[in-house]
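Notes for the one structure printed next.
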Amino acid sequence: MKIIEPSNFIEEEINKDLENGKAKEVITRFPPEPSGYWHIGHCKAITFNFEIAKKYGGYTYLRMDDTNPTKEDGDFADSYLADLKWLGYQPKKLIYASEAYFEDMYHFAENLIKSGDAYIDEQSQEEVSKSRGTLTTPGTESPYRNRPVEESLQIFRDMRAGKYDDGQVVLRAKIDMAHPNMNMRDPVIYRVQKVKHYRTGNKWCIYPMYDFAHPLEDALEGVTFSLCDMSFEDHRPLYNWVLEKCWKKPYPPRQIEFARLNLENVLLGKRFLRRVVNEKKVMGWDDPRLFTLVGMRRRGFTAKGIKDFILSAGVTKADATVPQSALNFHIRNDLNNIATRAMVVLDPLKVVITNLDKSEEIEIENNPNDENAGSHKSLFSREIFIEKEDFSLNPPPKYNRLVEGGIVRLKGAYIIRCDKVVFNENGEIDHLECEYLPETKSGQDNSGIKCKGTIHFVSAENYFPVTIREFKNLFKEEITDPTKALIEGASLDDILEPNSLVNRTAYAENFLKTAKVEDRFQFMRKGYYCLDKDSTADNLIFNLTINLKDSFKPTK
RNA sequence: UGGGGUGUCGCCAAGCGGUAAGGCAUUGGACUCUGACUCCAACAUCCGUAGGUUCGAAUCCUACCACCCCAGCCA
C-alpha cells in the first residue's frame, strides 16, 4: 500500500503504521446506529472515513451498528443509504452488524467466560452502578465476580435461551474495579433485551454492548483504522482489551479519535434535534433551518459544498467551533458554478417605459461561469417591475442604481432613464415613468453611454407570483452554542429565534415555471434559491439557500 | 481530589530546533450588463503563562493556568 503525503494527523498515524508494518492497508468504516438522522457532524466523520481510505487506495464499509433494538428502526437505516448516495460515496459493502456478527460475538463472549475474563453478574442495575465507585474513588467488586466459570457459562447460555428477563443478569468483563479509567471497571458487555429487533426480529434476546461489539465488528470486517470522535478516547483501552482477549490475530484494527465539528449558533445532537422536531418547532427533520443532511439538502446546499467545507476545516483533536460563514463560503462557491440565473423581483416597484409600445424578447445567460449552460428567453415590455430598493429619491453616496433623472441598465435589455416619479394619494411612490434608450440594447450597444448600475427586472407580461421562504438561524444570534444552552437548562422557547421562517411572495420570470424540486437557481443580485418539495402546480415555493454577498456600504 | 485530551491571528489550521503557510471573516482598491464572481493589497515581532536548555525554541525540559470528555444494563 502506498504511503501518501499526510495532510492531517490521522494520515501521519496511518503512514507510521504502514511503514512499521502494523498495518498493511487502509480499510475504514462508518458505523451509524440507525436511530436518527445524520447531521453535518456525521458528514465530517463520513467524509474523512471515505476520503482517507480513498487516498490510500483502500475502501470504506457502511455498517449499521444496530446492537440496541430499543432505539433502532429500519427507516433510519434506509435514510442513511439515500443520504450517503447523495453525498456521493459508495461503500464497499453495506453491513448490518446484527445480522453479520451477533453469532460470532456470542462465541467470543463464551470464550471470554471460559478464559476467566468475564462473568455473569446478578446484581441489580442500581447495585452495579453504585459499586462502580466515582471518578476519584475506586469501585468495589461484585460478589459474583469470582463465581465458577461453569456457572457463568451456564447462565449465559440460559440468557441466550431466554430464561432471564431484562435486567436480571448481565455479562461483565473482568478487568479492574479500581481502574482509574471508569470504562475499565468491569464493564457490562452483554445484556438481556426482550425487544423485537428491526432486522433480526426475535432471534436474539441478548445484545452486546458497544464496547464489546465495536472492536469485534471492526476486526471481523477487516477494518484497519477505526476513526471516531474524541468521546471514545477513554474507551480505547477497552477496545484494545477486547481485541487482545478475543481477537488475537495480527493486524488488529486501530482506533484513532478526532474532534467533532461544531458550528456557531447551530444545534447538533440527535436527542436535541429530536426535541425540536417533536415539539413542532420546525417542519420536520428536513427543515431547511436544521443542519441535518436532509435539511441542508432541502435548503439547497450541495454535497460538494458541504464536503469542501469539511475538508477545508480539517481534522484535529482540538475542540473547534466554526462560524457558519465558512460553510456558506463553500456553498456559494459551488452554487456560483452550477446555479441557473434567473430574474426575480422580491419587492416590486412598477415602471412604465413611456417610449415603448411593443414588447421585445431578450436573452439571459443561464450561467456566465459555464459556457455550456446556454441561455433562456425573457421579456422587456412597456410595463415592468424593478426592485423597490433599486430606486431612491434620496440616494446615499455611491448609489449607482436608479434615481430621478438618472439612468440604469436593465439586465439583458436596455438602459433606461427615470423621467418622472408618480405618487399616489398617500404620498407614496406609485410607479416610475422612464424612457428606454433604443441604441443601448444589451449585447449591441454602441452608444458609448456609460452606466454604472445594472439592475434586474421582470416584465408585467412575463411573470408569475411565487412563494419565497426566507430563513434566519433557528436560534437567537447571541446563542452561539444552542446545544450547550439546552444542556444547561434553557427552554427551547428561550433560545429560539421568533421569526426564523418568513414567507413572502415575489414576481418571477416565467422561465421559472419549469423548475423541478431541488433545482437550484441564482436569483440575480439576490441570492441562491431552490425549489421546495412543498411546491404545487399553482404555487411554486423557493427556499432561500443563501444570499449573495453584498459589499455595498451606503454610509460612505 | 482520579483518568483521558486540548491550548498558534476574531474563527478554523499548517508548523515536528533554524527564526510564524493557507482558508474563512474583516478592511482598502481594481474589474464588472449580477455592488456577485474574479483580481490585487492589508491583516500574529508572536505561538495559554512562567521559568529553563540551546548560538538559536511555537517546536525540547519543568511548573503552573484554562477549557473539553468519562461514573448507561446508550452508541
Side-chain angles (χ1 to χ4, degrees), chain A residues 7-8 12 31-33 35 65-68 70-72 121 123-125 128-130 132-139 166-172 178-185 187-193 207 209-211 213-214 228-237 257 259-261 264 270-271 309 312-330 332-333 336-337 341 343 365 368-369 398-401 408-415 440 442-443 445 451-456 522-528 547-554:
Chain A
S7 56
N8 53 248
E12 281 177 10
E33 179 190 34
S35 61
D65 204 6
D66 50 3
T67 59
N68 183 353
T70 62
K71 290 172 64 186
E72 296 148 9
D121 197 351
Q123 290 185 107
S124 69
Q125 187 165 170
V128 168
S129 170
K130 207 173 280 176
R132 195 176 337 264
T134 70
L135 295 178
T136 51
T137 59
D166 295 28
Q168 262 188 294
V169 289
V170 294
L171 181 66
R172 291 231 254 168
H179 200 106
N181 180 340
M182 299 295 286
N183 295 122
M184 300 296 269
R185 319 243 262 229
V188 170
I189 57 177
Y190 256 98
R191 80 289 211 188
V192 177
Q193 302 245 252
Y207 289 85
M209 295 287 288
Y210 168 87
D211 285 312
H214 212 84
C228 61
D229 75 70
M230 295 287 287
S231 67
F232 293 102
E233 201 156 31
D234 288 340
H235 295 247
R236 185 165 10 104
E257 313 84 10
R260 277 205 259 240
L261 171 66
E264 252 172 39
K270 245 183 233 177
R271 62 188 254 242
F309 160 67
S312 82
V315 245
T316 66
K317 290 169 86 77
D319 291 338
T321 301
V322 182
Q324 287 183 52
S325 61
L327 205 207
N328 292 341
F329 170 82
H330 292 280
R332 284 199 186 95
N333 207 30
N336 184 227
N337 290 324
R341 315 289 130 128
M343 296 204 282
E365 267 186 303
N369 300 319
K398 289 193 179 173
Y399 185 83
N400 51 24
R401 282 110 97 157
V408 78
R409 159 140 245 135
L410 293 176
K411 177 73 187 174
Y414 298 83
I415 292 176
T440 61
S442 180
D445 181 351
C451 180
K452 46 189 181 358
T454 300
I455 64 174
H456 59 103
Q522 185 201 86
F523 293 174
M524 280 190 283
R525 302 206 309 129
K526 296 313 282 182
Y528 294 101
N547 283 121
L548 244 35
K549 283 214 274 188
D550 181 8
S551 61
F552 177 54
K553 292 166 204 69

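In this text, all values refer to a predicted model and were calculated from it rather than measured experimentally. In the text below, chain A, chain B and the rest are named by the order of the sequence lines, each starting its count at 1.
- Using atom C1' as the reference point in both B:C9 and B:C47, the two lie 10 Å apart (nearest Å).
- A:Ser35 comes within 4.0 angstrom of nothing in the nucleic acid, heavy atoms only.
- Close to B:C74, at under 4.0 Å from its OP1 or OP2, lies no side-chain N or O of A:Thr67.
- Counting any heavy atom pair closer than 4.0 Å across all strands shown, A:Tyr399 reaches a base atom.
- Rounded to the nearest Å, the gap between the P atom of B:C39 and that of B:G23 is 10 Å.
- Here B:U38 is the nucleotide among B:U38, B:U34, B:G29 with the atom lying nearest to any side-chain atom of A:Asn333.
- Counting non-hydrogen atoms under 4.0 angstrom, A:Thr70 reaches nothing in the nucleic acid.
- The residue A:Phe232 sits close to a base: some heavy atom pair falls under 4.0 Å.
- Taking atom CG on A:Asn336 and atom P on B:U34, their separation rounds to 12 Å, with Å as the unit.
- For the C1' atoms, the distance linking B:C12 with B:A21 amounts to 14 Å, nearest Å.
- Here, B:G15 and B:C65 have their C1' atoms 24 Å apart, quoted to the whole Å.
- Contact between the side-chain N/O atoms of A:Thr321 and the OP1/OP2 oxygens of B:C11 is not found at any separation under 4.0 Å.
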Show each protein N/O and nucleotides 4-8 of chain B N/O combination with a separation under 3.5 Å, one pair to a line.
residue : atom : partner  : partner atom : Å
B:G4    : O2'  : A:Asp234 : OD1          : 3.4

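- One can place CZ of A:Phe309 at 13 Å from C1' of B:A25, the figure rounded to the nearest angstrom.
- Comparing the C1' positions of B:A44 and B:U26 gives an interatomic distance of 15 Å, to the nearest angstrom.
- Across the protein-nucleic acid pair, A:Lys452 atom NZ and B:G35 atom P stand 12 Å apart, rounded to whole Å.
- When the C1' atom is used for both B:C31 and B:U38, the distance is 8 Å, rounded to whole Å.
- The closest donor-acceptor contact from the side chain of A:Arg132 to the backbone of A:Asn183 lies at 3.5 Å or more, if one exists at all.
- The phosphate of B:G35 (OP1 or OP2) has a side-chain N or O of A:Arg525 nearer than 4.0 angstrom.
- A:Arg332 comes within contact range of no nucleotide atom at all, as no heavy-atom separation falls under 4.0 Å.
- Among the protein residues, A:Pro368 comes within range of the nucleic acid bases, having at least one heavy atom under 4.0 Å from a base atom.
- If you check every strand for non-hydrogen atoms under 4.0 Å, A:Arg341 touches a base.
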Protein-nucleotides 21-24 of chain B N/O pairs under 3.5 Å:
residue : atom : partner  : partner atom : Å
B:C24   : O2'  : A:Ser325 : OG           : 3.4
B:C24   : O2'  : A:Ala326 : N            : 3.3

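- Rounded to whole Å, the C1' atom of B:G48 lies 10 Å from the corresponding atom of B:U8.
- Contacts of A:Gly527 with the nucleic acid, taken as non-hydrogen atoms under 4.0 Å apart, are absent.
- Contact annotation for A:Gly167: base contact, defined as any heavy-atom pair under 4.0 Å involving a base atom.
- When the side-chain nitrogen and oxygen atoms of A:Arg191 are compared with OP1 and OP2 of B:C74, one or more of them lie within a distance under 4.0 Å.
- Using a 4.0 Å heavy-atom distance criterion, A:Glu12 is classed as a base contact.
- Rounded to whole Å, the distance from CG on A:Asn328 to C1' on B:C11 is 14 Å.
- Residue A:Asp445 is out of contact with every strand shown, counting any heavy-atom pair closer than 4.0 Å.
- We find that A:Glu257 and A:Lys317 are joined by a salt bridge, their nearest charged nitrogen and carboxylate oxygen being less than 4.0 Å apart.
- Across all strands shown, A:His214 has no heavy atoms under 4.0 Å from either base or sugar-phosphate atoms.
- Separating the CG atom in A:Asp319 from the CZ atom in A:Arg260 is a distance of 10.0 Å, to the nearest 0.5 Å.
- Using a 4.0 Å heavy-atom cutoff across all strands shown, A:Glu33 reaches sugar-phosphate atoms only and no base atom.
- Nucleotide B:A66: paired with B:U6 (Watson-Crick or G-U wobble, both distances less than 3.5 Å).
- Residue A:Gly443 is in base contact, counting any heavy-atom pair closer than 4.0 Å across all strands shown.
- Place A:Arg401 and A:Gly314 on RNA chain B by their nearest nucleotides, and A:Gly314 ends up nearer the 5' end.
- B:C68 atom P lies 16 Å from atom CG of A:Asp229, rounded to whole Å.
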